**Student:** 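Starting off with a structure, shown below.
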Amino acid sequence: MKITVVGTGYVGLVSGACLADVGNDVLCLDVDPAKIRTLEEGGIPIHEPGLLEIVRRNVAAGRLSFTTDVEYAARFGAIQFIAVGTPPDEDGSADLQYVLAAARNIGRHMDGYRVVVNKSTVPVGTGDKVRAAIAAELGARGADLSFSVVSNPEFLKEGAAVEDFMRPDRIIVGAEDERAIQLMRELYGPFQRNHEKLLVMDVRSAELTKYAANAMLATRISFMNELANLAEVLGADIELVRQGIGSDPRIGWHFLYAGCGYGGSCFPKDVKALVSTGREHGRDLLILNSVEQANDAQKLRLVDKIVARFGPDLSGMHFGLWGLAFKPNTDDMRDAPSRVVIGELFRRGATVAAYDPVAMSEARRIFGDDPRLRYVDRPMAALEGADALVIVTEWKEFRSPDFVRVRELLRHPVVFDGRNMYEPVTMKRAGLEYHGIGRS
Ligand SMILES: NC(=O)C1=CN([C@@H]2O[C@H](COP(=O)(O)OP(=O)(O)OC[C@H]3O[C@@H](n4cnc5c(N)ncnc54)[C@H](O)[C@@H]3O)[C@@H](O)[C@H]2O)C=CC1
Ligand SMILES: O=C(O)[C@H]1O[C@H](OP(=O)(O)OP(=O)(O)OC[C@H]2O[C@@H](n3ccc(=O)[nH]c3=O)[C@H](O)[C@@H]2O)[C@H](O)[C@@H](O)[C@@H]1O
């Protein structure tokens with residue numbers, strides 16, 4: 001099939017590359033010429049395990065190409081995926097300007113039947129707006145062309161995006177006409193060969209399903225974080241509690257890890273957007289309001305602990321920091337807890353030496369040449385001359401450091417671990433004072 005994917009971010013590029021990998025002809029469109037240039041030169045603009053290989057393989061096979069030409073893109077694919085950003089507006093609602101601009105471009109230039117598949121995370125009712133935007137463009141040029149609008153939310157996780165796309169748990173298709181449903185079934189056939197994963201529903205339910213999934217996961221995390229904070233004062237260990245409840249299949253093991261707050265481009269913005277949708281329709285979403293508040297506070301937990309240990313005025317102090325990305329295996333720092341931790345350390349007068357395996361250039365883009373932040377190229381180098389170690393992201397390479405060396409390098413043998421990577425008893429044995437989340 002011929003497919004156009006609009007937007008070459010985490011979702012668009014992964015979807016485009018994976019769809020090409022099963023034999024489709026895919027054209028990826030982006031309005032950012034720098035991204036398209038990088039792709040045309042054989043690179044990729046993001047760090048995502050396995051993605052570069054798939055992109056290169058499919059470009060070489062002639063199944064994957066890139067463009068900034070909106071007219072060519074609208075004419076290329078009978079299926080047009082929209083995978084552009086939906087960042088939060090000032091009031092927390094999802095900003096639909098990019099989605100609607102993409103829809104208008106399709107309407108302006110399409111030259112035959114199109115299935116417009118929305119993969120961006122969008123509020124309920126956006127399908128109608130996309131339909132109206134395309135119809136208005138067709139009307140303006142007097143074109144009598146038919147099209148279908150489908151909601152096909154994406155559930156991939158950054159850092160495991162290729163694997164998630166290739167082996168989805170479910171494929172949600174919100175569609176109301178048979179022709180589009182049939183095309184979606186054919187398109188996703190290769191991704192559900194062992195059992196049926198495609199769930200067809202109405203567009204509104206599909207749109208809400210995406211928010212429901214992210215809001216549920218965010219709720220679990222905030223719930224565990226709140227319990228972790230309680231465990232600390234009660235003298236309990238949240239890691240043991242996690243294992244105790246995770247073994248109940250009704251609860252399950254996933255997304256029960258307490259830490260220094262959830263970040264990323266989606267949980268924070270999607271919880272906000274759902275709260276905003278509720279408000280717009282006269283429904284105050286009490287649970288989700290609290291989930292968000294709890295997470296904002298949780299991002300400051302590490303600094304709270306630092307302040308409890310060293311006092312509120314940290315001027316003259318210097319901290320080694322491991323992990324800048326919002327989670328391992330990505331260079332994404334959107335809403336990353338590290339940004340809050342670093343900002344708060346600065347505000348209190350401290351300086352930071354940071355190490356991250358892949359997010360360093362993203363950090364440089366965000367913090368610029370701030371003299372209070374020094375970048376180092378090895379985890380241990382961050383500890384030279386540091387008063388204490390702060391861990392924000394649980395990269396694999398931090399799992400088993402030489403604790404003796406850690407103790408030797410630090411001015412105070414203190415570790416603040418925002419991801420509960422170590423056992424308190426191991427740390428004690430190594431002569432390190434350990435402050436995890438929810439562990440007393
Ligand atoms: N990042 C993730 O892991 C996931 C994101 N989503 C959702 O997917 C959507 C996209 O997210 P990301 O891929 O992270 O965004 P992103 O910000 O990484 O990429 C979006 C891309 O769209 C391009 N763009 C904007 N307007 C355009 C237009 N009119 N025509 C062509 N290109 C245009 C931008 O230049 C950018 O390269 C969002 O709604 C997000 O909530 C859903 C599941 C997972
Ligand atoms: O809509 C989206 O964009 C995506 O959002 C999340 O994926 P992602 O943000 O890439 O990463 P997650 O693995 O979900 O982690 C999000 C944040 O939660 C934190 N987290 C995760 C799990 C946990 O147990 N505890 C915890 O604090 C992580 O550290 C991270 O900061 C969802 O997991 C995806 O299914 C969804 O498609």
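In listed order, ligands and their atoms are each counted from 1. What you see is a predicted model; the values in this text were computed from it and never measured.
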**Student:** Got a sec: does the OH of Y257 have more than 12 other heavy atoms crowding it under 6.0 Å?
**Tutor:** no
**Student:** Between the side chains of D164 and K157, is the shortest nitrogen-to-carboxylate-oxygen separation below 4.0 Å, so that they form an ion pair?
**Tutor:** yes
**Student:** Measuring only between side-chain heavy atoms, which start at C-beta, is F367 closer than 4.5 Å to V352?
**Tutor:** no
**Student:** Given side chains that start at C-beta, do those of V358 and T330 come closer than 4.5 Å, heavy atoms only?
**Tutor:** no
**Student:** With ring centroids as reference points, do F191 and F165 lie under 6.0 angstrom apart?
**Tutor:** yes
**Student:** Assert yes or no for the condition that the ring centre distance of W322 to F398 is strictly below 6.0 Å.
**Tutor:** yes
**Student:** How long is the span from the CD1 atom in I36 to the OG1 atom in T68, to the nearest 0.5 Å?
**Tutor:** 6.5 Å
**Student:** Could you tell me, atom by atom, which parts of ligand 1 come under 4.0 Å of a heavy atom of V6?
**Tutor:** 30 (N), 31 (C)
**Student:** So, taking the atom named OG1 in T86 and the one named CG in L96, what distance separates them when rounded to the nearest 0.5 Å?
**Tutor:** 7.5 Å
**Student:** How far is atom 32 (N) of ligand 1 from its nearest protein heavy atom, and which residue and atom is that?
**Tutor:** V31 N, 3.4 Å
**Student:** Would you check, one step at a time, whether the test side chain to side chain contact (heavy atoms under 4.5 Å, CB included) holds for F147 with I106?
**Tutor:** CA-CA 10 Å; F147 65 95; I106 295 169; over 6 Å; no
**Student:** Closest non-hydrogen protein atom to atom 22 (O) of ligand 1, residue and atom name please, with distance?
**Tutor:** G7 CA, 3.5 Å
**Student:** Answer yes or no: are there more than 12 heavy-atom neighbours, outside M216 itself, under 6.0 Å from its atom CE?
**Tutor:** no
**Student:** Would you tell me whether Y113 and S148 have side-chain atoms, one donor and one acceptor, within less than 3.5 Å of each other?
**Tutor:** yes
**Student:** Identify, for atom 18 (O) of ligand 2, the protein heavy atom at the shortest distance, and state residue, atom and that distance.
**Tutor:** Y262 CB, 3.3 Å
**Student:** Is the closest N or O pair between S265 and ligand 2 shorter than 3.5 Å?
**Tutor:** no
**Student:** Backbone or side chain, does any N or O of N105 fall under 3.5 Å from an N or O of ligand 1?
**Tutor:** no
**Student:** Identify the heavy atoms of V376 and A353 that sit nearest to each other, and give their distance.
**Tutor:** CG1-CB, 4.5 Å
**Student:** Which residue and non-hydrogen atom of the protein lie closest to atom 35 (O) of ligand 1, and at what distance in Å?
**Tutor:** D30 OD1, 2.6 Å
**Student:** Have a look at F267, Y10, Y211 and point out the one with the heavy atom closest to atom 32 (C) of ligand 2.
**Tutor:** F267
**Student:** Hydrogens and angles aside, do S93 and D91 bring a side-chain donor and acceptor to less than 3.5 Å of each other?
**Tutor:** yes
**Student:** Within a distance under 4.0 Å of any heavy atom of K35, pick out the atoms of ligand 1 and give their elements.
**Tutor:** 36 (C), 37 (O)
**Student:** If I compare all heavy atoms of G264 with all of D335, which pair ends up nearest, and what's the gap?
**Tutor:** O-CB, 3.4 Å
**Student:** State the atoms of ligand 1, each with its element, that fall below the 4.0 Å cut-off from a heavy-atom position in G85.
**Tutor:** 20 (C)
**Student:** Among all protein non-hydrogen atoms, which one is nearest to atom 6 (N) of ligand 1, and what is the separation to 0.1 Å?
**Tutor:** V11 CG2, 3.4 Å
**Student:** For ligand 1, which atoms have a heavy atom of G9 less than 4.0 angstrom away?
**Tutor:** 13 (O), 16 (P), 18 (O), 19 (O), 21 (C)
**Student:** Nearest to atom 27 (O) of ligand 2 by heavy atom, R419, H254, K269: which?
**Tutor:** R419
**Student:** For ligand 1, which atoms sit closer than 4.0 Å to a heavy atom of T86?
**Tutor:** 38 (C), 39 (O), 41 (O)
**Student:** So is R334 close enough to ligand 1, meaning a heavy atom under 4.0 angstrom away?
**Tutor:** yes
**Student:** Below the 3.5 angstrom mark, is there an N/O of D32, backbone or side chain, next to an N/O of ligand 1?
**Tutor:** no
**Student:** Polar contacts were defined as any N/O atom of the residue lying under 3.5 Å from an N/O atom of the ligand; does this apply to E154 and ligand 1?
**Tutor:** no
**Student:** Is S120 touching ligand 1 with its side chain, its backbone, both, or neither, if touching means heavy atoms under 4.0 Å apart?
**Tutor:** both
**Student:** Give the atom numbers and elements of ligand 2 that come within less than 4.0 Å of a heavy atom of L256.
**Tutor:** 24 (O)
**Student:** Which of the numbered atoms in ligand 1 are below 4.0 angstrom from a heavy atom of S265?
**Tutor:** 1 (N)
**Student:** Going from CG on N214 to OG1 on T121, what distance comes out if it is rounded to the nearest 0.5 angstrom?
**Tutor:** 6.5 Å
**Student:** If you measure from atom 34 (C) of ligand 2 to every heavy atom of L156, D332, V392, D270, which option wins on shortest distance?
**Tutor:** L156
**Student:** Within a radius of less than 6.0 Å around CZ of R193, do more than 12 heavy atoms belonging to other residues, nucleotides or ligands occur?
**Tutor:** no
**Student:** May I ask you to check whether Y422 and F403 place their ring centres under 6.0 Å from each other?
**Tutor:** yes
**Student:** Taking only heavy atoms of C266 into account, list the atoms of ligand 2 that are under 4.0 Å away from them.
**Tutor:** 1 (O), 2 (C), 3 (O), 5 (O)
**Student:** For N214, take its heavy atoms, then give the atoms of ligand 2 lying under 4.0 Å from any of them.
**Tutor:** 1 (O), 2 (C), 5 (O), 32 (C), 36 (C)
**Student:** If you count heavy atoms of other groups shown closer than 6.0 angstrom to CZ of F155, is the number above 12?
**Tutor:** yes
**Student:** Purely on distance, is any nitrogen or oxygen of F155 under 3.5 Å from one on ligand 2?
**Tutor:** yes
**Student:** Any idea which of E154, E394, K157, K210 brings a heavy atom closest to atom 1 (O) of ligand 2?
**Tutor:** K210
**Student:** Which bit of C266 is near ligand 1, meaning a heavy atom under 4.0 Å away: side chain, backbone, both or neither?
**Tutor:** side chain
**Student:** Of K269, E48, E158, which has the heavy atom at the shortest distance from atom 3 (O) of ligand 1?
**Tutor:** E158
**Student:** Count the heavy atoms of every other residue, nucleotide or ligand shown that sit under 6.0 Å from CD of E226, and state whether that count exceeds 12.
**Tutor:** no
**Student:** So for ligand 2, is I221 a polar contact partner (N or O within less than 3.5 Å, distance only)?
**Tutor:** no
**Student:** Check this for me - ligand 2, G264, N or O atoms closer than 3.5 angstrom, yes or no?
**Tutor:** no
**Student:** Look only at interatomic distance and state if T121 has a nitrogen or oxygen under 3.5 Å from any nitrogen or oxygen of ligand 2.
**Tutor:** no
**Student:** Is G263 near ligand 2, meaning one of its heavy atoms is under 4.0 Å from it?
**Tutor:** yes
**Student:** Mind checking whether F155 has an N or O less than 3.5 Å away from an N or O of ligand 1?
**Tutor:** no
**Student:** Below a 4.0 angstrom heavy-atom separation, can you tell me which part of E158, side chain or backbone, both or neither, approaches ligand 2?
**Tutor:** both
**Student:** Examine the proximity of ligand 1 to L156 and report which part, side chain or backbone, both or neither, has a heavy atom under 4.0 Å away.
**Tutor:** both
**Student:** Would you check whether D270 has a nitrogen or oxygen atom less than 3.5 angstrom from a nitrogen or oxygen atom of ligand 1?
**Tutor:** no
**Student:** Can you tell me if Q298 and N229 form a side-chain donor-acceptor pair at under 3.5 Å?
**Tutor:** yes
